[in-house]
Novice: 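Below is the structure I would like to discuss, written out as structure tokens.
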Amino acid sequence: QVQLVESGGGLVQTGGSLRLACAASGSIFSIIQMGWYRQAPGKQRELVATIASGGSTNYLDSVKGRFTISRDNAQNTVYLQMNSLKPEGTDVYYCRTRATIRGGIGQYLYWGEGTQVTVSS
């Protein structure tokens with residue numbers, strides 16, 4: 001099993017910055033990809049950013065140039081630096097990891113419980 005612990009959410013004003021962190025632990029053999037997703041009230045969850053084991057990244061178009069995803073392989077931790085935040089209200093950001101497990105077969109997906117981010121005007 002893999003556990004994801006998220007941190008860094010909170011309340012910020014428009015134009016401010018916030019950094020989210022997600023640490024993975026447990027019976028990890030290797031992490032293939034880690035990423036961040038967000039969900040607004042009443043809307044579907046959407047991909048914000050992902051980073052693969054080799055370092056390649058993928059971003060939602062609307063956050064390009066403002067958000068940066070990075071990882072610390074030694075700590076199995078992924079970060080999301082969010083700058084120039086827009087007044088979008090409250091969203092819940094979820095961490096996700098795709099990994100292989102010790103003693104397991106194939107790849108598995110794990111989700112964190114989410115951390116709330118509120119951007120006020």
Side-chain angles (χ1 to χ4, degrees):
Q1 280 292 318
V2 174
Q3 297 81 43
L4 302 179
V5 179
E6 299 148 317
S7 62
L11 174 66
V12 296
Q13 289 190 315
T14 298
S17 298
L18 205 63
R19 189 178 77 155
L20 305 182
C22 173
S25 62
S27 302
I28 301 170
F29 182 75
S30 65
I31 292 179
I32 299 166
Q33 182 190 77
M34 298 187 78
W36 291 95
Y37 296 72
R38 70 183 180 189
Q39 187 168 21
K43 295 187 178 181
Q44 293 188 317
R45 192 174 301 181
E46 63 181 351
L47 183 150
V48 177
T50 61
I51 183 165
S53 59
S56 61
T57 58
N58 186 37
Y59 293 93
L60 178 67
D61 285 343
S62 62
V63 308
K64 289 180 178 178
R66 298 187 298 115
F67 290 13
T68 302
I69 189 169
S70 61
R71 65 186 295 175
D72 181 342
N73 291 332
Q75 298 293 325
N76 288 330
T77 301
V78 63
Y79 302 92
L80 184 67
Q81 179 67 46
M82 303 185 292
N83 298 325
S84 301
L85 287 164
K86 297 179 179 180
E88 299 177 353
T90 299
D91 296 316
V92 177
Y93 281 71
Y94 297 90
C95 176
R96 191 190 78 168
T97 185
R98 182 186 297 274
T100 58
I101 305 171
R102 299 188 186 102
I105 300 174
Q107 302 174 15
Y108 298 85
L109 290 175
Y110 297 93
W111 290 90
E113 294 185 352
T115 184
Q116 192 171 80
V117 173
T118 300
V119 183
S120 65
S121 59

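Numbers here simply count residues along the sequence, with the first being 1. What you see is a predicted model; the values in this text were computed from it and never measured.
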Novice: Going from CD1 on I69 to CD on Q81, what distance comes out if it is rounded to the nearest 0.5 angstrom?
Specialist: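 Those atoms lie 12.0 Å apart.
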Novice: State plainly whether one hydrophobic cluster holds both V92 and V48, where clusters connect Ile, Leu, Val, Met, Phe, Trp and Tyr through side-chain heavy atoms under 4.5 angstrom apart.
Specialist: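 Each belongs to a different hydrophobic cluster.
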Novice: Search all heavy atoms of L4 against all heavy atoms of C95 and return the closest pair with its distance.
Specialist: CD1-O, 3.5 Å
Novice: Considering all heavy atoms of both residues, which atom of S70 and which atom of I51 are nearest to each other, and what is their separation?
Specialist: CA-CD1, 4.1 Å
Novice: Among residues two or more places apart or on two chains, list those pairs meeting side chain to side chain donor-acceptor pair (under 3.5 Å) that have a residue in residues 17-30.
Specialist: S17-N83, S30-T100
Novice: Would you check if T97 and N76 make a side-chain contact, meaning some heavy-atom pair closer than 4.5 Å?
Specialist: no
Novice: Any side-chain to backbone donor/acceptor pair from R66 onto S84? Under 3.5 Å, distance only.
Specialist: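 The answer is yes, because a donor-acceptor pair under 3.5 Å joins these two groups.
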Novice: Under the ring pair (Phe, Tyr, Trp, His ring centres under 6.0 Å) rule, what pairs show up with a residue in residues 84-121, not counting sequence neighbours?
Specialist: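 Residue pairs with at least one partner in residues 84-121: Y37-W111.
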Novice: Would you call C22 and R96 a side-chain contact if the rule is heavy atoms closer than 4.5 Å?
Specialist: no
Novice: Counting distance only, does the side-chain N/O of E6 pair as donor-acceptor with the main-chain N or O of G114 below 3.5 Å?
Specialist: yes
Novice: Please identify which of these residues, L80, D91, L47, meets the side chain to side chain contact (heavy atoms under 4.5 Å, CB included) condition with R38.
Specialist: D91
Novice: With sequence neighbours excluded, tell me which residues meet side-chain contact (heavy atoms from CB on, under 4.5 Å) with S56.
Specialist: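 Result, side-chain contact (heavy atoms from CB on, under 4.5 Å) vs S56: A52.
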Novice: Should V117 and M82 be marked as a side chain to side chain contact (heavy atoms under 4.5 Å, CB included) after you check the CA-CA gap, both sets of side-chain angles, and the distance that decides it?
Specialist: CA-CA 11 Å; V117 173; M82 303 185 292; 4.2 Å; yes
Novice: Could you check whether atom CD of Q3 has more than 12 heavy atoms from other residues, nucleotides or ligands sitting under 6.0 Å from it?
Specialist: yes
Novice: Work out which heavy atom in T77 is nearest to a heavy atom in M34; give both atom names and the distance.
Specialist: C-SD, 4.5 Å
Novice: Around atom NZ of K64, are there more than 12 heavy atoms of other residues, nucleotides or ligands at under 6.0 Å?
Specialist: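 It does: K64 NZ has more than 12 such atoms within range.
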Novice: Please indicate whether E46 has more than 12 foreign heavy atoms, meaning atoms of other residues, nucleotides or ligands, lying under 6.0 Å from its CD.
Specialist: yes
Novice: Who passes side-chain contact (heavy atoms from CB on, under 4.5 Å) against V12, sequence neighbours left out?
Specialist: L18, L85, V119
Novice: Do I31 and R71 make a side-chain contact, defined as non-hydrogen atoms from C-beta onward lying under 4.5 Å apart?
Specialist: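 Counting from C-beta outward, I31 and R71 do come under 4.5 Å.
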Novice: When you measure from the side chain of T118 to the backbone N and O of G89, does any donor-acceptor pair fall under 3.5 Å?
Specialist: no
Novice: If you look only at pairs with a residue in residues 40-92, which of them pass as a ring pair (Phe, Tyr, Trp, His ring centres under 6.0 Å), with sequence neighbours excluded?
Specialist: none
Novice: Who clusters with F29? Use side-chain heavy atoms, under 4.5 angstrom, across I, L, V, M, F, W and Y, and order the result by chain and number.
Specialist: none
